[in-house]
Novice: 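Submitted below is the structure of interest, expressed as structure tokens.
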Amino acid sequence: MPRYTAEDLAAANGRHIPDIIGPDLDVLFCGINPGLVSALTGQHFARPGNRFWPALHRSGFTPRQLAPQEQRELIGLGLGITNVVARATAGAAELRAEEYRGGGEVLREKVREFRPRWLAVVGIGAYRVAFDAPKAVMGRQEQVVGETGVWVLPNPSGLNAHYTVDTLAAAFAELREVVRAKEDRS
């Protein structure tokens, strides 16, 4: 695992990383915004301690645990990744409400363009602000974007002490079961 200097991380502040996205995905996962390690590497959920990749695997979305550098493999599995806010920061606390709202508009445009079956926002606070849904709870949302269903999952950051890898995987698995049920009916 590479060690990054404070200068490396400071230089990554404000950078954007490319989405992992394509048309007609089963699920487009949406993080809050890239962290500095992600901005440095160009890989989503790249910070050591982030539980996105283990939760994705344990929930049944991937046949094995992928590493951040394997993120492009998600497209072949019908999955993608984007962010509510494109700007990398050391932490989501650095983001302003107007960035969430503007990012929510951009996100809705992406969803209308690429038409995933589900948009899964990982972070209830980001979802509440970006989608003007202050009373939203985890799970399936009544709100849709075009024909895309919306689901809110817990933030997989290692800083989110309310969830373990196992409880994150269980939350991700609820969405996976809905995706699988629709696959079985097709």
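If you're wondering where the values come from, they're calculated on a predicted model, not measured in any experiment.
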Novice: For residues W118 and L25, determine if any side-chain heavy atom of one lies less than 4.5 Å from a side-chain heavy atom of the other.
Specialist: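 The answer is no, as the side chains (C-beta and beyond) never meet within the 4.5 Å cut-off.
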Novice: Side chains of T148 and R117: closer than 4.5 Å at any heavy-atom pair?
Specialist: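 Heavy-atom side-chain distance check fails, nothing below 4.5 Å.
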Novice: Would a distance-only check, ignoring hydrogens and angles, find a side-chain to backbone donor-acceptor pair under 3.5 Å from T82 to C30?
Specialist: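 No.
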Novice: Is it true that R64 and E73 make a salt bridge, defined as a side-chain N closer than 4.0 Å to a carboxylate O?
Specialist: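 Salt bridge flag = yes for E73 with R64.
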Novice: Between the side chain of W53 and the main-chain N/O of F45, is any donor-acceptor distance below 3.5 Å?
Specialist: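 Yes, the answer is positive, given that a donor and an acceptor are paired below the 3.5 Å cut-off.
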Novice: Would you say R128's side chain and A136's backbone share a donor-acceptor pair under 3.5 angstrom?
Specialist: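 Present.
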Novice: Does any N or O in the side chain of E177 come within less than 3.5 Å of the main-chain N or O of E174, such that one atom is a donor and the other an acceptor?
Specialist: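 Not at all, since once roles are kept as given, no pair shorter than 3.5 Å links the two residues.
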Novice: How long is the straight-line distance from CD of Q65 back to CD of E70, given to the nearest 0.5 Å?
Specialist: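 Rounded to the nearest 0.5 Å, the CD-CD separation comes out at 9.5 Å.
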Novice: Where is the tightest heavy-atom contact between L28 and I81, given as atom of each residue plus distance?
Specialist: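 Answer, listing the atom of L28 first, then I81: CD1-N, 3.6 Å.
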Novice: Any side-chain heavy atom of L119 sitting closer than 4.5 Å to one from V144?
Specialist: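 Heavy-atom side-chain distance check fails, nothing below 4.5 Å.
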Novice: Can you find a pair of side-chain heavy atoms, one from I32 and one from V85, that are under 4.5 Å apart?
Specialist: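 Not in contact.
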Novice: Are more than 12 heavy atoms from other residues, nucleotides or ligands located less than 6.0 Å from atom CD of E142?
Specialist: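 No, because the 6.0 Å sphere around CD of E142 holds 12 heavy atoms or fewer from other groups.
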Novice: Decide yes or no for T62 and L77: does some side-chain heavy atom of the first lie under 4.5 Å from some side-chain heavy atom of the second?
Specialist: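 T62 vs L77: side chains touch.
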Novice: Search all heavy atoms of V84 against all heavy atoms of Y100 and return the closest pair with its distance.
Specialist: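 So the two residues come closest at CG1-O, 3.9 Å.
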Novice: Can you check whether L175 reaches V27 side chain to side chain, under 4.5 Å on heavy atoms?
Specialist: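 Result yes, sub-4.5 Å side-chain heavy-atom pair found.
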Novice: Are the side chains of R58 and V165 in contact, using a 4.5 Å heavy-atom criterion?
Specialist: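 Yes, side chains in contact.
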Novice: Does a donor on one side chain and an acceptor on the other come within less than 3.5 Å for N13 and T89?
Specialist: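 Distance-only check fails for N13 and T89.
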Novice: Taking atom CG of L40 and atom CZ of R15, what is their separation to the nearest 0.5 Å?
Specialist: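 Answer rounded to 0.5 Å: 5.5 Å.
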Novice: Find out whether V145 and L107 are in side-chain contact, i.e. whether some heavy atom of one side chain is under 4.5 Å from a heavy atom of the other.
Specialist: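 No; the side chains remain at least 4.5 Å from each other.
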Novice: With a cut-off of under 6.0 Å to the ring centre and 45° to the axis, is R180 in cation-pi contact with F61?
Specialist: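 The answer is no, since R180 fails at least one limit relative to F61.
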Novice: So, does Q71 use its side chain to make a donor-acceptor pair with the main chain of H44 at under 3.5 Å?
Specialist: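 Yes, the answer is positive, given that a donor and an acceptor are paired below the 3.5 Å cut-off.
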Novice: Return the minimal non-hydrogen interatomic distance between N50 and P54, and the atom names on each side.
Specialist: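 Result for this residue pair: O-CD, 4.1 Å.
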Novice: Of all heavy-atom pairs between Q141 and M138, which one has the smallest distance, and what is that distance?
Specialist: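 Shortest heavy-atom contact: NE2-C, 4.2 Å.
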Novice: To check you understand the geometry: which heavy-atom pair defines the closest contact between P68 and A46, and what is its length?
Specialist: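 Closest approach of P68 to A46, heavy atoms only: CG-CA, 3.8 Å.
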Novice: Within the side chain of N33, is there an N or O that forms a donor-acceptor pair under 3.5 Å with the backbone of R87?
Specialist: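 Confirmed, N33 side chain pairs with R87 backbone.
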Novice: Can any side-chain N or O of D19 pair as donor or acceptor with the backbone N or O of I21 at less than 3.5 Å?
Specialist: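 No: the side chain of D19 does not pair with the backbone of I21.
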Novice: Can you give me the closest heavy-atom contact between A88 and A39, atom names plus distance?
Specialist: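 Scanning both residues completely, I find the closest heavy atoms to be CB-CB, 3.5 Å.
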Novice: For Y163, is there any backbone N or O sitting under 3.5 Å from a side-chain donor or acceptor partner on R51?
Specialist: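 Confirmed, R51 side chain pairs with Y163 backbone.
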Novice: Tell me whether the rings of F29 and F172 are parallel (<30°), tilted (30 to 60°) or perpendicular (>60°).
Specialist: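 Ring orientation of F29 relative to F172: parallel.
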